[in-house]
Colleague: 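This is the structure, below, for whatever I ask next.
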Amino acid sequence: MSTFDSSDHVFMAMALRLAENGRYSAHPNPRVGCVLVKSGEVVGSGWHRKTGEPHAEVNALREAGAAAAGATAYVSLEPCAHVGKTPPCARALIDAGVANVVAAMQDPNPKVSGMGCTLLQEAGINVRVGLMSDVAEKLNAGFLSRVRRGRPFVRLKIAASLDGRTAMADGESKWITGPAARRDVHLFRASSGAVLSGVNTVLDDDPSLTVRDMAGHSEILQPLRVIVDSTLRMPPSAQMLSIDGETLIFCIADENRAPLEDHGAEVVMISAHEGRPDLVCVLENLGNRDINDVLVEAGPTLAGGFLARGLVDELVIYQAPHIMGSETRGMVTTPMWQGLSQRQDLEILDTRRIGVDMRITAKPL
């Protein structure tokens with residue numbers, strides 16, 4: 001069992017804060033930060049910006065130069081030992097003469113898991129693992145979900161009135177929440193590999209599902225736009241098909257695919273579950289495409305489908321300070337639950353004010 005002192009915690013916290021810099025650009029790779037410390041002083045630091053570019057350890061070693069020899073490397077994830085788009089980081093640390101490595105957690109990727117630590121130890125480097133692992137796990141929840149479960153981390157976003165209504169009876173829903181909450185949603189979009197919605201949302205709102213309002217963030221990857229559309233009712237004139245980026249449509253009947261493909265969409269027919277595209281298959285397909293995080297922005301039927309099948313990992317609910325009345329649409333449509341024992345219990349993780357609205361973050365139990 002590894003032991004850690006207060007200075008270890010300080011430097012690992014620095015590495016984890018550096019890793020946060022990759023929140024909007026590192027995916028599908030994990031978000032990783034590295035700090036090199038010698039005689040109690042930071043001599044190099046770095047983080048992984050995007051796939052194909054140097055990893056956090058390499059950036060830190062470049063900054064440290066010759067000072068890396070004899071240093072301790074604090075890394076938010078086990079250094080890789082395999083050759084991918086870049087050389088293995090474990091080998092770079094060895095070649096630089098680093099004396100110690102402290103990793104927040106072991107990498108669950110079968111190409112890496114344990115092998116990076118073993119390579120370092122075989123080179124005579126002292127390795128300790130497990131410092132602030134809970135923070136490291138949360139930082140890379142999507143990457144870990146994809147590697148461990150074969151599917152992305154699913155975050156369901158809902159914008160509702162105080163009485164839990166998401167649209168008027170005719171589908172009108174612009175805008176329930178205020179500008180600050182809408183900007184906040186773009187942060188979640190930017191940190192996701194895909195934004196998923198249903199065809200009814202396309203027909204009602206014609207959304208773009210792009211990332212906007214991100215001043216100050218220069219490195220942003222636009223998410224894959226994913227639409228669940230059983231019989232391909234999505235019109236080729238939909239706004240998202242006329243702007244840059246990729247749109248993926250899942251269906252169970254593809255007779256109408258040609259016009260959509262002519263407008264740049266990728267159409268995938270998958271198996272059905274209760275007359276609609278099987279959401280488990282949708283997530284498995286996205287996992288195979290290296291999507292770590294999916295932000296679901298959908299109407300009550302699709303949102304309820306994800307909840308009913310136990311596929312939601314986290315809910316983000318924006319509550320606006322107004323009442324919309326009874327003749328309106330609710331947050332989710334679920335099977336006919338007969339008693340309180342069938343309710344979906346949640347654990348509230350966070351509540352905070354976002355402009356005039358309240359944001360509640362919760363996870364299903």
Colleague: Step by step, work out the side chain to side chain contact (heavy atoms under 4.5 Å, CB included) result for Tyr318 and Ile158.
Modeller: CA-CA 6 Å; Tyr318 296 90; Ile158 298 174; over 6 Å; no
Colleague: Are side-chain heavy atoms of Met240 and Met234 found at a separation under 4.5 Å?
Modeller: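 Sidechains of Met234 and Met240: in contact.
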Colleague: What pair of heavy atoms forms the shortest contact from Pro364 to Leu346, and how long is it?
Modeller: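 Between these two residues, the closest heavy atoms are CA-CD2, 3.7 Å.
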Colleague: To the nearest 0.5 Å, what is the distance between CG (Leu315) and CD (Glu347)?
Modeller: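 Output value for this atom pair is 12.5 Å.
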Colleague: What's the separation between atom SG in Cys34 and atom CG in Leu77, rounded to the nearest 0.5 Å?
Modeller: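 Answer for the SG-CG pair, Cys34 versus Leu77, is 11.5 Å.
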Colleague: Using a 4.5 Å cut-off on heavy atoms from C-beta on, say whether the side chain of Leu131 contacts that of His9.
Modeller: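 In contact.
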Colleague: Answer yes or no: are there more than 12 heavy-atom neighbours, outside Glu246 itself, under 6.0 Å from its atom CD?
Modeller: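 No, not enclosed.
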Colleague: Angle between ring planes, Tyr74 versus Phe11, binned at 30° and 60°: parallel, tilted or perpendicular?
Modeller: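 Aromatic pair Tyr74/Phe11 classed tilted.
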Colleague: Other residues, nucleotides and ligands only: do more than 12 of their heavy atoms fall within 6.0 Å of CG on Asp244?
Modeller: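 Count not over threshold, so no.
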Colleague: Would you please say whether a donor-acceptor pair under 3.5 Å links the side chains of Asp293 and His27?
Modeller: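 Distance-only check fails for Asp293 and His27.
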Colleague: Should Leu36 and Trp47 be regarded as members of a common hydrophobic cluster, given that ILVMFWY residues are connected when their side-chain heavy atoms come within less than 4.5 Å of each other, either directly or indirectly?
Modeller: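 Leu36 does not cluster with Trp47.
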Colleague: For Glu137 and Arg148, run salt bridge (charged side-chain N to carboxylate O under 4.0 Å, His left out): C-alpha distance rounded to whole Å, both residues' side-chain angles, the deciding distance at 0.1 Å, then the answer.
Modeller: CA-CA 12 Å; Glu137 290 252 355; Arg148 290 170 174 167; 3.0 Å; yes
Colleague: Looking at Lys157 and Glu297, does any basic side-chain N land under 4.0 Å from a carboxylate oxygen?
Modeller: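 Between Glu297 and Lys157 there is a salt bridge, with a charged N closer than 4.0 Å to a carboxylate O.
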Colleague: In terms of side-chain geometry, is the basic nitrogen of Arg17 or Glu20 positioned less than 4.0 Å from the acidic oxygen of its partner?
Modeller: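 The answer is no: the pair does not qualify as a salt bridge.
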Colleague: Are Leu203 and Val199 close enough that some pair of their side-chain heavy atoms sits under 4.5 Å apart?
Modeller: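 Yes, at least one pair of side-chain atoms sits under 4.5 Å.
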Colleague: Linking I/L/V/M/F/W/Y whenever any side-chain heavy atoms sit under 4.5 Å apart, do Phe143 and Val294 land together?
Modeller: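 No.
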Colleague: Using side-chain heavy atoms (C-beta onward) and a distance below 4.5 Å, is Asn292 in contact with Pro28?
Modeller: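 Side chain of Asn292 against side chain of Pro28, heavy atoms only: contact under 4.5 Å found.
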Colleague: Will you find, in the side chains of Arg149 and Ser145, an N or O donor that is under 3.5 Å from an N or O acceptor?
Modeller: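 Side-chain D/A pair, Arg149 to Ser145: present.
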Colleague: Decide whether Val202 and Leu232 are clustered together by the hydrophobic rule: side chain heavy atoms of Ile, Leu, Val, Met, Phe, Trp, Tyr closer than 4.5 Å, transitively.
Modeller: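 Shared cluster, yes.
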Colleague: Please check this pair: side chain of Asn100 against backbone of Val127, looking for a donor-acceptor N/O pair closer than 3.5 Å.
Modeller: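 Not at all, since once roles are kept as given, no pair shorter than 3.5 Å links the two residues.
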Colleague: Say you draw a straight line from OG1 of Thr177 to NE2 of His322; how long is it, rounded to the nearest 0.5 Å?
Modeller: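 Atom-to-atom, Thr177:OG1 and His322:NE2 are 8.0 Å apart.
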Colleague: Given side chain to side chain contact (heavy atoms under 4.5 Å, CB included), test Met132 with Leu16 step by step and report yes or no.
Modeller: CA-CA 9 Å; Met132 301 179 71; Leu16 288 162; 3.8 Å; yes
Colleague: Show the nearest heavy-atom pair for residues Lys38 and Ala67, with the distance to one decimal.
Modeller: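 What the structure gives for the nearest pair is CD-O, 3.2 Å.
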Colleague: Are any of the side-chain heavy atoms of Arg189 and Gln222 separated by less than 4.5 Å?
Modeller: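 Side-chain contact under 4.5 Å: no.
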Colleague: Would you say Met14 and Val42 make side-chain contact, with heavy atoms under 4.5 Å?
Modeller: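 They are in contact (side-chain heavy atoms under 4.5 Å apart), so the answer is yes.
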Colleague: Between atom CG of Leu224 and atom OG of Ser192, what is the distance when rounded to the nearest 0.5 Å?
Modeller: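 The distance works out to 11.0 Å.
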Colleague: Classify the side-chain pair Arg31/Asn140 by whether it contains a donor and acceptor separated by less than 3.5 Å.
Modeller: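 Side-chain D/A pair, Arg31 to Asn140: absent.
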Colleague: Between Asp206 (side chain) and Gln239 (backbone), is there a donor-acceptor pair under 3.5 Å?
Modeller: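 Indeed, once roles are kept as given, a pair shorter than 3.5 Å links the two residues.
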Colleague: Output the distance between atom CZ (Arg146) and atom CD1 (Ile291), rounded to the nearest 0.5 Å.
Modeller: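 Here the interatomic distance stands at 8.5 Å.
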Colleague: Compare every heavy atom of Ile270 with every heavy atom of Pro277, then report the nearest pair and how far apart it is.
Modeller: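 Where Pro277 meets Ile270 most closely, the heavy atoms are CB-CD1, 3.9 Å.
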Colleague: How about CZ on Arg289, more than 12 heavy atoms from neighbouring residues, nucleotides or ligands closer than 6.0 Å, or not?
Modeller: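 Yes, the 6.0 Å shell around CZ holds more than 12 heavy atoms from other groups.
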Colleague: Determine, for Arg182 against Asp184, whether the closest basic-nitrogen to carboxylate-oxygen distance falls under 4.0 angstrom.
Modeller: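 Answer for the salt bridge query: no.
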Colleague: To the nearest 0.5 Å, what is the distance between CG (Asp290) and CG (Asn29)?
Modeller: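 Asp290 atom CG to Asn29 atom CG measures 8.5 Å (nearest 0.5 Å).
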Colleague: Of all heavy-atom pairs between Gly198 and Ile227, which one has the smallest distance, and what is that distance?
Modeller: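 Minimum heavy-atom contact is C-CG2, 4.1 Å.
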Colleague: Please output the side-chain donor-acceptor pairs of residues 252-259 that fall under 3.5 Å, not counting sequence neighbours, one pair per line with the distance.
Modeller:
from: Asp254; atom 1: OD2; to: Arg257; atom 2: NH1; distance (Å): 2.7
from: Asn256; atom 1: ND2; to: Thr231; atom 2: O; distance (Å): 3.4
from: Arg257; atom 1: NE; to: Glu261; atom 2: OE2; distance (Å): 2.9
from: Arg257; atom 1: NH2; to: Glu261; atom 2: OE2; distance (Å): 2.9
from: Arg257; atom 1: NH2; to: Val267; atom 2: O; distance (Å): 2.6

Colleague: We want to know whether Asn200 and Arg233 form a side-chain donor-acceptor pair, criterion being a heavy-atom distance below 3.5 angstrom.
Modeller: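 There is such a pair (donor and acceptor under 3.5 Å, judged by atom type) between the side chains of Asn200 and Arg233.
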Colleague: Have Thr247 and Arg225 got a donor and an acceptor in their side chains that come within less than 3.5 Å?
Modeller: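 Distance-only check passes for Thr247 and Arg225.
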Colleague: With the threshold set at 4.0 Å, does a side-chain nitrogen-carboxylate oxygen contact exist between Glu78 and Arg128?
Modeller: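 Salt bridge between Glu78 and Arg128, a charged N being under 4.0 Å from a carboxylate O: no.
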Colleague: Quick check: is Val280 connected to Leu248 through a chain of hydrophobic side chains (ILVMFWY, heavy atoms under 4.5 Å apart)?
Modeller: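 Leu248 clusters together with Val280.
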Colleague: Testing the basics here: between Pro108 and Leu144, what is the closest heavy-atom pair and its distance to 0.1 Å?
Modeller: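 Shortest heavy-atom separation between Pro108 and Leu144 comes out as CG-CD2, 3.3 Å.
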Colleague: One thing to verify: whether Arg155 and Asp313 come together as a salt bridge, which I'm taking to mean a side-chain N less than 4.0 angstrom from a carboxylate O.
Modeller: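 A salt bridge is absent here (no side-chain N lies under 4.0 Å from a carboxylate O).
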Colleague: Taking atom types as modelled, is there a side-chain donor on Arg212 or Thr210 under 3.5 Å from an acceptor on the other?
Modeller: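 Judged by distance alone, the side chains do pair up.
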Colleague: Is it true that Arg359 and Asp357 have a side-chain N and a carboxylate O under 4.0 angstrom from each other?
Modeller: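 Salt bridge: no.
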Colleague: Looking at Ser25 and Arg49, would you say the former's side chain and the latter's main chain have a donor-acceptor pair under 3.5 Å?
Modeller: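 Such a contact is found between Ser25 side chain and Arg49 backbone.
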Colleague: Side-chain heavy atoms nearer than 4.5 Å, only ILVMFWY residues, links allowed to pass through others: does that put Val37 and Met12 together?
Modeller: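 Per the 4.5 Å side-chain linkage, Val37 and Met12 are co-clustered.
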Colleague: Using a 4.5 Å cut-off on heavy atoms from C-beta on, say whether the side chain of Leu196 contacts that of Leu295.
Modeller: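 They are not in side-chain contact.
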Colleague: Might you work through the side chain to side chain contact (heavy atoms under 4.5 Å, CB included) test for Thr301 and Arg276, ending with a clear yes or no?
Modeller: CA-CA 11 Å; Thr301 300; Arg276 294 188 173 93; 3.8 Å; yes
Colleague: Which heavy atom in Ala60 sits nearest to a heavy atom in Gly46, and how many Å separate them?
Modeller: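 Residues Ala60 and Gly46, closest heavy atoms: CB-N, 3.8 Å.
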Colleague: For a side chain to side chain contact (heavy atoms under 4.5 Å, CB included) check, start with the C-alpha distance between Leu286 and Arg151, then their side-chain angles and the critical distance, and finish with the verdict.
Modeller: CA-CA 7 Å; Leu286 294 177; Arg151 71 165 181 84; over 6 Å; no
Colleague: With a 4.5 Å limit on heavy-atom distance, are the side chains of Val296 and Ser197 in contact?
Modeller: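 Not touching, per the 4.5 Å side-chain cut-off.
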